[in-house]
> 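This structure is in structure tokens; I'll ask about it shortly.
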Amino acid sequence: MSNQYVDDLIGTKFGDFALRELVGEGTFSHVFRALDKHKNEKAIKIPRRFSGKEERFEFVPTQVFIKRGQRFSPQEASPIHILRIQVARTKQVIDQGIVRVEDYSFDGDNSHCRMPFLAGETLREYMRSGPVPVAVLRNLALTLSRLNHLDSFGYHGDVKPENMVVTANGVILVDCGYFGNVQVGERLDDQQKTLIVTTPRYYPLLRPDDLLAFGLIMWEAAMRKPLLESVAYSGDFPDNNVSDRLNDMVLEEEGLGNFNLTSILKAERPSHVRQGLPPQVDNLLLKAVRLQFNKKDELDFDEGFENFEEIANELRKLAQAGIHYL
Ligand SMILES: Nc1ncnc2c1ncn2[C@@H]1O[C@H](COP(=O)(O)OP(=O)(O)O)[C@@H](O)[C@H]1O
Ligand SMILES: [Mg+2]
């Protein structure tokens, strides 16, 4: 992960703040801890100047798509452009559950965004080191509930374990995604194009559906393995016991060029994989990823939870029943 480019950035100043050390990285950027002369601590996010494509990432990458009419196609995007979109989406948002944008610039090598430094571990680090506390998930559900009700924000769009830091003051989200108009060009057909910046493992419908992303994160935390690990083709799982309507949903997505949902067809009942999983957890996980086993014991679509308050309530019940870790 460490390379010459990152080493050379240490000590560089952005405004009054000098970069001290790399604290994290993502698909499009590096994040450093930075200090000013009074030892005030900040985080400074710098868009990658080189494509990180050749690197083997330890995190789950965010991807960019263009939706034309109903069809999706993958897209290249510049890290500065992505940061610009992010800053535009979050600079007005004031909520304890999302990191504040304090300062920014999009001027060549000076391009950066300054935020409060969040002391803690990402949820990914939590998941690697052991079972995740139900209290952390409930805190995240309540945060997402608030953010989904904020008209100026509405959705996060890239909720994943890498994009949140579990601090002493609760879970704080960083690094939102985007589902919206393409900003470049004035040609007529641009009106029908949507730019999508998200992580398909958690947003397999390529829609700004934070509720499903949260369900997929809970599933992964409890099962120690993501439900949707990779793209797949429905022909890969021909003999599965799956209801017609779930099959049709998958085929419909495939028809639009989206193969990120397909591996849902191989989902198993959580308690069959993890023996001894309490039935409340089994049901919660299935419902949170909008699945059920129907009367014919086929894997089937489920309406799922209506909102984050409902999920938070279920998580509270787990804690009351003495289940404190997933
Ligand atoms: N304000 C912050 N304080 C501390 N660490 C942070 C902060 N913002 C981001 N990070 C860390 O840096 C990583 C990359 O930041 P992120 O904003 O997700 O970049 P990218 O858009 O490239 O994914 C995060 O996964 C997190 O570990
Ligand atoms: Mg990120």
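Each ligand, and each atom within it, is numbered from 1 in the order the structure gives.
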> If we ignore hydrogens and angles and just use 3.5 Å, is the side chain of D282 paired with the main-chain N or O of L277 as donor and acceptor?
no
> Among all protein heavy atoms, pick the one closest to atom 19 (O) of ligand 1 and tell me residue, atom and distance.
S29 OG, 3.1 Å
> Who's the nearest protein heavy-atom neighbour of atom 11 (C) of ligand 1, and how far?
G24 CA, 4.0 Å
> With no hydrogens and no angle check, do the side chains of E229 and S263 hold a donor and an acceptor under 3.5 Å apart?
no
> So does T62 get a backbone contact from the side chain of T27, meaning a donor-acceptor N/O pair under 3.5 Å?
yes
> Would the distance check show the side chain of R124 and the main-chain N or O of F59 forming a donor-acceptor pair, the cut-off being under 3.5 Å?
no
> Verify, without hydrogens or angle tests, whether Y203 (side chain) and V159 (backbone) share a donor-acceptor contact under 3.5 angstrom.
yes
> How far is atom 7 (C) of ligand 1 from its nearest protein heavy atom, and which residue and atom name does that atom have?
V31 CG1, 4.0 Å
> Any nitrogen or oxygen of A43, side chain or backbone, less than 3.5 Å from one on ligand 1?
no
> Enumerate the atoms of ligand 1 whose separation from the nearest heavy atom of T27 is less than 4.0 angstrom.
22 (O), 23 (O)
> Flag F28 as yes when one of its N or O atoms lies below 3.5 Å from any N or O atom of ligand 1, and as no otherwise.
yes
> Test salt bridge (charged side-chain N to carboxylate O under 4.0 Å, His left out) on D297 and R269 and set out the steps.
CA-CA 10 Å; D297 208 32; R269 197 186 282 282; 3.6 Å; yes
> Going by the atom numbers of ligand 1, which of them fall below 4.0 Å from some non-hydrogen atom of E162?
24 (C), 25 (O)
> For F117 and ligand 1, does the shortest N/O to N/O distance drop below 3.5 Å?
no
> Is the ring pair F72/F65 parallel, tilted or perpendicular, if the boundaries are 30 and 60 degrees?
perpendicular
> Would you verify whether the NZ or CZ of R89 falls within 45 degrees of the ring axis of Y155 while also being under 6.0 Å from that six-membered ring's centre?
yes
> Looking only at N, O or S atoms, which one in D175 sits nearest to the Mg ion (ligand 2)?
OD2
> List the closest protein heavy-atom neighbour of atom 4 (C) of ligand 1: residue, atom name, distance to the nearest 0.1 Å.
L118 O, 3.4 Å
> Do NZ/NE/NH1/NH2 and the carboxylate oxygens of D300 and R245 come within less than 4.0 Å?
yes
> Taking 2.8 Å as the cut-off, does an N/O/S atom of N163 lie below it from the Mg ion (ligand 2)?
yes
> Do any of the N, O or S atoms of D158 sit under 2.8 Å from the Mg ion (ligand 2)?
no
> May I ask you to list the atoms of ligand 1 that are less than 4.0 angstrom from any heavy atom of M115?
1 (N), 8 (N)
> Within ligand 1, which atoms have a heavy atom of G26 less than 4.0 Å away?
14 (C), 20 (P), 22 (O), 23 (O)
> Report yes or no: does E253 contribute a side-chain atom to a donor-acceptor pair with the main-chain N or O of V250 at less than 3.5 Å?
no
> Looking only at protein heavy atoms, which one is nearest to atom 1 (N) of ligand 1, and what is the separation?
P116 O, 3.0 Å
> Is there a donor-acceptor contact under 3.5 Å from the side chain of S145 to the main chain of A141?
no
> Which protein non-hydrogen atom lies closest to atom 5 (N) of ligand 1, naming both residue and atom, and how far is it?
V23 CG2, 4.0 Å
> Between N163, N260, D158, which is the residue that forms a side chain to side chain donor-acceptor pair (under 3.5 Å) with T199?
D158
> If you measure from each heavy atom of T122 to ligand 1, is any distance below 4.0 Å?
yes
> In terms of residue, atom name and distance, what is the protein heavy atom nearest to atom 23 (O) of ligand 1?
D175 OD2, 2.7 Å
> State the atoms of ligand 1, each with its element, that fall below the 4.0 Å cut-off from a heavy-atom position in K45.
16 (P), 17 (O), 19 (O), 20 (P), 21 (O)
